[in-house]
Amino acid sequence: MLVRLPDGTVRAYRRGITLAEIARDAGAHGALAARLDGAERDLATPLEADATVEWLTFADPAGRSVYWHSSAHLLAQAVRELFPQARLAIGPPIEDGFYYDFDIGRPFLPEDLQRIEDRMRELAARDQPIERIYVPRDEAMRRFEGRGETYKAELLRGIPDDPVSFYRQDGFEDMCRGPHLPSTGRIKAIKLLSTSGAYWRGDERREMLQRIYGISFPSQEELDAYLARLEEARRRDHRRLGRELGLFTFAPEVGQGLPLWLPRGATVRRILERYIVDLEESLGYQHVRTPDLASIELYKISGHWEHYRDNMYPPIRVDSEELVLRPMNCPHHIMVYKHHQRSYRDLPVRIAELGTMYRYERSGVLSGLARVRAMTLNDAHIFCRPDQLTDEFIGVVRLIQRAYRDLGLRDFWYRLSLRDPRDRAKFVHNDEMWDHAEGELRRAMQALGLACVEARGEASFYGPKLDVQVPNVLGKDETISTVQIDFYLPERFGLEYTGEDSRPRRPVMIHRGVLSTMERMVAFLIEQYAGAFPLWLAPEQVRVLPIADRHLSYARRVQETLRARGVRAEVDASSERTGRKIREAEVMKVPYMLVVGDREAAQEAVSVRSRVRGDEGSQPLAAFIDRVTEAIASRRHDEE
RNA sequence: GCCGGCGUAGCUCAGUGGGAGAGCAGCGCACUCGUAAUGCGCAGGUCAGGGGUUCGAAUCCCCUCGCCGGCUCCA
């Protein structure tokens, strides 16, 4: 019997040899499970025919999934032992760790978590083998029903297998497809992270279960490193830095999810807004201003009132009108398009706005600036002829690339969100339109030479879109930019342009957001930079630090000179020592500190301290200003 | 919205049935200082809000509000 190993070698083995034995023979010590002719299997699996084997280790995502899946079983075993009445639901591995959902008739308390974690360690230390067993279907159902395992019984009803596979360790059994680790002792370092409520099968009309989240690693060092990463993410949390750096705040008197931009935060936002508006204008976008309110009739035409009502604030009745706070800007921009007749020669028309919108978000989902109820989108709608669609799309992608470069975002990927043709309810019916639009997007991405991941079923209901995914501090992808093709709203609003043949034609719409909402972008950038904004975005770019009070007037003069050149500069006029002033400027992450004393005042100079390079010594004020204004203008990220 | 946790000074937190505290920040005074915290002093709180139990509540119970972790949803 011949077995092809991952290094390409082929070895002969006797029939019936297990994957574990082959792993040992091949020196694959890190193997947790294997892929046998492409299918994931336990190491205990015996081989009966020629095969190709790949090892799953903790180093690859599939191997980690096996590891965390077994960890979830260990969690369930510990809970079952400590809470014999517990009913088990599901316990899968997730991107970072695992969870298990239980029904124990009450919530878990923090002290329960500690006990469970301790028990898991004891169980792992016993290093019991994890075995796969097969149970006839009706026998399994009898067992579940006999023990009141209603959730497992429901799961089994959804599985056609007979017999069904179970995994058994140390007397504990759980229905599971596998694969799993060979033994519980492989789980070396365990941390239970949190508990929460979770709806059974994610359905808010069904039972609320108690979920425990955890993570595990093959060594304590790896666990410690993971926990340190979590700590680092907490340190960079935009809500914490927003308060510490005086960027924004919330007041219960104002309302939930309604941010107050403080001067420093408002400055960052204003710089971003100026940047993107200037950039868009240079690319032929026309910026408009439209009101935050509109008649409900507008949203009845657009379909939002029908499809999006749950996220809209209820109408305000005045005189004979009913007004709503707008949840989206597109209908307003469509009305701008309709202001006058358009010729095929006018297209494309690119209508842009920093459009403020209001969405009713359920209170539980609000989170700092990342999830708010009042937000301003860097929005635009491109109205073009069908033959211009590809070029316009390419133009938007290039704009996104440019903006990301200036913002220092290097890590991102493209997701092509397509319809799921089987899901007839979620997407408007017009297969020809969809096929055409999806094909256009694919071709455009090819023309750009950009790789993208296709995501079936992620399209919006009216058309396919390109989402730009950027990993945040925790490594989770966030959608920042999006480009959506829309054949639907032009139809609803009866949009037209006059074709070459003088006949009315229907334009295509592209909805696009580049910087996302200002709220979300600033939240993202705070975390990205850990509050240390690059020079061009820093709310305070330079702080002048007089050594003693007699240097105050020179410090003021330096400040005025900088401000006259457009540099955001402050003076620390406190009577503190220089060390203290430096510390405070460092804490506020000011990019440049200028220490000025007798020597500097006498020579029209400044002693430059960079927040990253430290003391750079004295230089003429004029030279510093030239250097700093050049660095700001070029939006360099390596100026420091 | 749902489940759970939390809410004491601007911030971080101690105080678990009987005097409301600390550090930092703030203010004042002194020092006038050369690259990450000068010293001394002062002020600051209906202990989230409301109701209840108790001779007595920051502390125990109930309700409301807000925040946090999830679920569901999402720019």
For [N], give its Watson-Crick or G-U wobble partner with both distances under 3.5 Å, or none.
{"N": "B/C2", "value": "B/G70"}
{"N": "B/A75", "value": "none"}
{"N": "B/U38", "value": "B/A30"}
{"N": "B/C65", "value": "B/G7"}
{"N": "B/G44", "value": "none"}
{"N": "B/G56", "value": "none"}

State which of [options] makes the closest approach to the side chain of [X].
{"X": "A/P252", "options": "B/G69, B/G34, B/G66", "answer": "B/G66"}
{"X": "A/T479", "options": "B/A75, B/U12, B/G34", "answer": "B/A75"}
{"X": "A/D549", "options": "B/U32, B/G69, B/G1", "answer": "B/U32"}
{"X": "A/D598", "options": "B/G34, B/C73, B/A36", "answer": "B/G34"}
{"X": "A/R609", "options": "B/A36, B/C33, B/C71", "answer": "B/A36"}
{"X": "A/S363", "options": "B/G1, B/A36, B/G34", "answer": "B/G1"}

Look at all strands and tell whether [X] reaches a base, only sugar-phosphate, or nothing, counting heavy atoms closer than 4.0 Å.
{"X": "A/T517", "result": "base"}
{"X": "A/E616", "result": "nothing"}
{"X": "A/G579", "result": "sugar-phosphate"}
{"X": "A/R243", "result": "sugar-phosphate"}
{"X": "A/R211", "result": "sugar-phosphate"}
{"X": "A/R359", "result": "base"}
{"X": "A/G364", "result": "base"}
{"X": "A/F250", "result": "nothing"}

A/A380 backbone acceptor or donor facing A/H333 side chain under 3.5 Å: no
Any donor-acceptor pair under 3.5 Å from A/W68 side chain to A/I215 backbone: no
Which whole-number value in Å describes the distance from [X] [atom1] to [N] [atom2]?
{"X": "A/D237", "N": "B/C67", "atom1": "CG", "atom2": "C1'", "result": "12 Å"}
{"X": "A/I547", "N": "B/C33", "atom1": "CD1", "atom2": "P", "result": "9 Å"}
{"X": "A/R583", "N": "B/C24", "atom1": "CZ", "atom2": "C1'", "result": "10 Å"}
{"X": "A/E584", "N": "B/C24", "atom1": "CD", "atom2": "C1'", "result": "11 Å"}

Counting distance alone, no hydrogens or angles: does the base of [N] have a donor or acceptor under 3.5 Å from a partner atom on the side chain of [X]?
{"X": "A/R362", "N": "B/C71", "answer": "no"}
{"X": "A/Y199", "N": "B/G70", "answer": "no"}
{"X": "A/E361", "N": "B/G1", "answer": "no"}
{"X": "A/R239", "N": "B/C68", "answer": "no"}

First of A/R373 and A/R599 reached from the 5' end of RNA chain B, by closest nucleotide: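 It is A/R373 whose nearest nucleotide is closer to the 5' end.
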Toward the 5' end of RNA chain B, by each residue's nearest nucleotide, A/V587 or A/Q210: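 The answer here is A/Q210.
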[atom1] atoms of [N] and [M], separation to the nearest Å:
{"N": "B/G26", "M": "B/A37", "atom1": "P", "answer": "16 Å"}
{"N": "B/G18", "M": "B/C31", "atom1": "C1'", "answer": "46 Å"}
{"N": "B/G4", "M": "B/G41", "atom1": "P", "answer": "49 Å"}
{"N": "B/G52", "M": "B/C11", "atom1": "P", "answer": "30 Å"}
{"N": "B/G45", "M": "B/G10", "atom1": "P", "answer": "8 Å"}

Using a cut-off of strictly less than 4.0 Å, decide whether [X] has a side-chain nitrogen or oxygen near OP1 or OP2 of [N].
{"X": "A/S575", "N": "B/U32", "answer": "no"}
{"X": "A/R205", "N": "B/C2", "answer": "no"}
{"X": "A/Y308", "N": "B/C73", "answer": "no"}
{"X": "A/R580", "N": "B/U38", "answer": "yes"}
{"X": "A/R611", "N": "B/A36", "answer": "no"}
{"X": "A/Q256", "N": "B/C65", "answer": "no"}

Crowding at CZ, A/R234 (>12 non-hydrogen neighbours, <6.0 Å):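 Yes, because the 6.0 Å sphere around CZ of A/R234 holds more than 12 heavy atoms from other groups.
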A/K191, NZ: over 12 other non-hydrogen atoms inside 6.0 angstrom: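 12 or below, so no.
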Output yes when [X] and [Y] qualify as a salt bridge under the 4.0 Å nitrogen-oxygen rule, no when they do not.
{"X": "A/R239", "Y": "A/D237", "value": "yes"}
{"X": "A/E586", "Y": "A/R583", "value": "no"}
{"X": "A/E519", "Y": "A/R359", "value": "no"}

No-hydrogen, no-angle side-chain donor-acceptor test under 3.5 Å, A/D467 and A/S417: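 Per modelled atom types, A/D467 and A/S417 side chains form a pair under 3.5 Å.
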Base orientation of B/U16, syn vs anti, 90° cut from 0: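 It is syn.
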Passing candidate, ring-ring contact (aromatic ring centres under 6.0 Å, His included) with A/Y213, options A/F108, A/Y100, A/Y99: A/Y99
